[in-house]
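First the structure, in the form of structure tokens, and then the observations on it.
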Amino acid sequence: MGAAMRRIHMGNALSAFGLGFTVPYLYVYVAQVRGLGAMTAGLVLAVFAVAALVVLPFAGRAIVRRGPLPVLLAALVTAALGALSLGIASSAAAVLVSAALLGAGQAVMQPALATMIVDCSSAETRSRAFATQFFLQNLGLGVGGLIGGHLVDTTSAASFTLLFAIEAAMFLLLVVVMATVPMPHAPRIEGAPVASGRGSWKQLLGNRAMVQLCVLGFVLFFACYGQFESGLSAYGVEAAGISTSALGTALAANTLVIVVAQFAVLRFVERRRRSRVIAAVGLIWAVAWAVAGYAGLGHGSQEMATAAFVSTYALFGLGEAMLSPTVAPLVADLAPEGMAGQYNSAFALVKQLALAVGPAVGGPLGASLHAPYIVAFLLFSLGITFLAVRLGRQLTEAQDRPWLAKSRVVARGGAPVSADV
């Protein structure tokens with residue numbers, strides 16, 4: 001890795017560490033510590049999603065016009081202001097405005113950092129770069145949440161103010177880290193169609209492969225990430241009788257599998273078709289939902305149900321480890337020259353939509369309609385496999401099997417070509 005890539009990975013770790021400090025405790029902080037009630041706390045979580053949906057359509061164009069680094073720095077300053085003001089806010093209005101700033105800044109960081117990874121990597125190193133990013137994000141979130149949990153005191157608002165101040169400091173530290181390294185320009189891609197710097201959404205929607213990947217991405221995030229802390233946890237508690245400590249163990253198992261298996265999995269997926277890897281994830285997640293069905297609908301002992309539920313989260317983690325070096329590089333390789341920021345922002349927008357809809361749909365289903373919930377999401381997982389195989393027919397050989405590309409950068413945005421390999 002060059003100096004720029006090391007800084008980018010440091011940035012991912014620091015930002016995730018800062019988020020891990022506060023995100024798990026937002027509800028408790030707003031509802032109980034500040035005494036603003038459950039409704040305001042729920043609105044704060046909704047504001048995070050709404051702020052992301054508002055800013056992401058503009059983030060891609062800004063990245064294309066200004067470059068990812070200035071956009072990232074602006075997002076970091078915005079997030080730092082939001083975190084700091086959230087730590088001292090005492091009224092509902094102040095909390096909601098602060099949450100909007102923090103949510104908007106967090107949302108824009110994702111496509112900006114992803115575009116910087118694209119600019120600093122080649123076809124041969126991109127999958128490993130994104131795998132490292134995902135590894136560090138999960139590690140940072142886990143460590144941040146662990147340390148934050150030991151610092152907070154629900155009887156003291158000052159402890160939460162300290163927590164949010166540390167988060168703001170992480171973002172400002174990242175401003176210094178990223179601003180002090182020169183970023184390379186995006187490489188010139190031979191044979192790739194030249195796109196307008198304006199980042200036309202019409203042009204993006206005309207790319208059939210990208211549209212299909214966005215549909216697939218929505219189902220991926222809806223059927224997995226959108227269920228972790230809503231539908232699946234509600235199902236575990238209500239149907240399987242899982243205790244809160246066991247639920248924490250399941251979440252820890254998910255993170256542990258990602259951290260331990262990420263680079264072992266990478267060695268396996270680097271030489272496989274990207275579309276086939278995503279299809280395999282759909283099958284793994286279908287098995288995970290079947291295991292969850294056993295945990296809540298079977299007639300085994302409570303110990304067996306708990307073990308099955310923890311295994312469900314572990315299987316999801318395995319699938320996530322396979323996706324991290326696959327999906328994000330594919331988004332970059334589908335983008336025409338100069339359009340990586342627009343494509344990364346579009347995919348981040350799809351992710352936010354799925355994360356907003358997923359809990360709203362999965363929460364009530366998982367809590368009350370146990371069997372339909374499991375069957376529905378098992379079918380969604382099989383749908384991932386179907387959509388991935390279908391997407392593979394739209395990809396070029398260089399996009400689906402990048403290790404076959406002769407140059408060090410993958411040709412992007414072209415029509416499918418045949419290859420005798």
Side-chain angles (χ1 to χ4, degrees), residues 7-34 36 40-52 55 59 71-113 133-179 229 251 255 348 352 355:
R7 298 293 180 93
I8 294 168
H9 286 322
M10 183 186 298
N12 275 299
L14 286 174
S15 62
F17 180 77
L19 294 178
F21 249 65
T22 59
V23 170
Y25 315 109
L26 272 175
Y27 186 90
V28 173
Y29 171 68
V30 176
Q32 299 179 14
V33 177
R34 290 298 181 184
L36 298 176
T40 302
L43 285 175
V44 166
L45 298 177
V47 163
F48 269 87
V50 171
V55 299
V71 174
L72 174 64
L73 297 180
L76 288 169
V77 172
T78 302
L81 289 173
L84 196 58
S85 59
L86 194 56
I88 60 177
S90 58
S91 67
V95 165
L96 292 174
V97 171
S98 302
L101 289 173
L102 182 56
Q106 289 176 7
V108 176
M109 287 180 210
Q110 299 177 32
L113 283 167
Q133 177 199 34
F134 191 67
F135 168 83
L136 291 173
Q137 282 179 341
N138 279 275
L139 190 61
L141 284 170
V143 174
L146 181 64
I147 297 176
H150 286 84
L151 291 179
V152 295
D153 179 1
T154 56
T155 64
S156 171
S159 69
F160 283 87
T161 300
L162 173 63
L163 214 62
F164 285 105
I166 293 174
E167 180 181 27
M170 290 295 103
F171 292 139
L172 294 177
L173 175 61
L174 184 50
V175 169
V176 176
V177 169
M178 300 306 297
E229 297 177 1
L251 289 168
T255 302
Q352 289 297 327
L355 294 180

Just so I know, are the side chains of Met178 and Ile8 near enough to count as touching, which here means a heavy-atom distance under 4.5 Å?
yes
Approximate separation, where rounding is to 0.5 Å, of Leu14 CG and Leu172 CG
11.5 Å
Is the closest side-chain heavy-atom distance between Leu84 and Ile88 below 4.5 Å?
no
Restricting to non-hydrogen atoms, name the atom on Ala49 and the atom on Gln352 that form the minimum distance, rounded to 0.1 Å.
CA-OE1, 4.5 Å
Just wondering, do Phe171 and Val175 contact through their side chains at under 4.5 Å, heavy atoms?
no
For Ala74, give me all partners under side chain to side chain contact (heavy atoms under 4.5 Å, CB included), at least two apart in sequence or on another chain.
none
Ignoring hydrogens, what is the shortest heavy-atom contact between Leu86 and Phe164? Give both atom names and the distance.
CD2-CE2, 3.4 Å
Return yes if some donor-acceptor pair links the side-chain N/O of Arg7 with the main-chain N/O of Val177 below 3.5 Å, else return no.
yes
Can you tell me how far apart CG (Leu36) and OH (Tyr29) are? Round to the nearest 0.5 Å.
8.5 Å
Roughly how far apart are Leu113 CG and His9 NE2, rounded to 0.5 Å?
10.5 Å
Distance-only donor-acceptor hits, side chain of residues 90-112, under 3.5 Å, sequence neighbours excluded:
{"unit_1": "Ser91", "atom_1": "OG", "unit_2": "Ala94", "atom_2": "N", "d": "3.3"}
{"unit_1": "Ser98", "atom_1": "OG", "unit_2": "Ser85", "atom_2": "OG", "d": "2.8"}
{"unit_1": "Ser98", "atom_1": "OG", "unit_2": "Ala94", "atom_2": "O", "d": "2.8"}

Atom CG of Leu173 and atom CD1 of Ile166: how far apart are they, to the nearest 0.5 Å?
12.5 Å
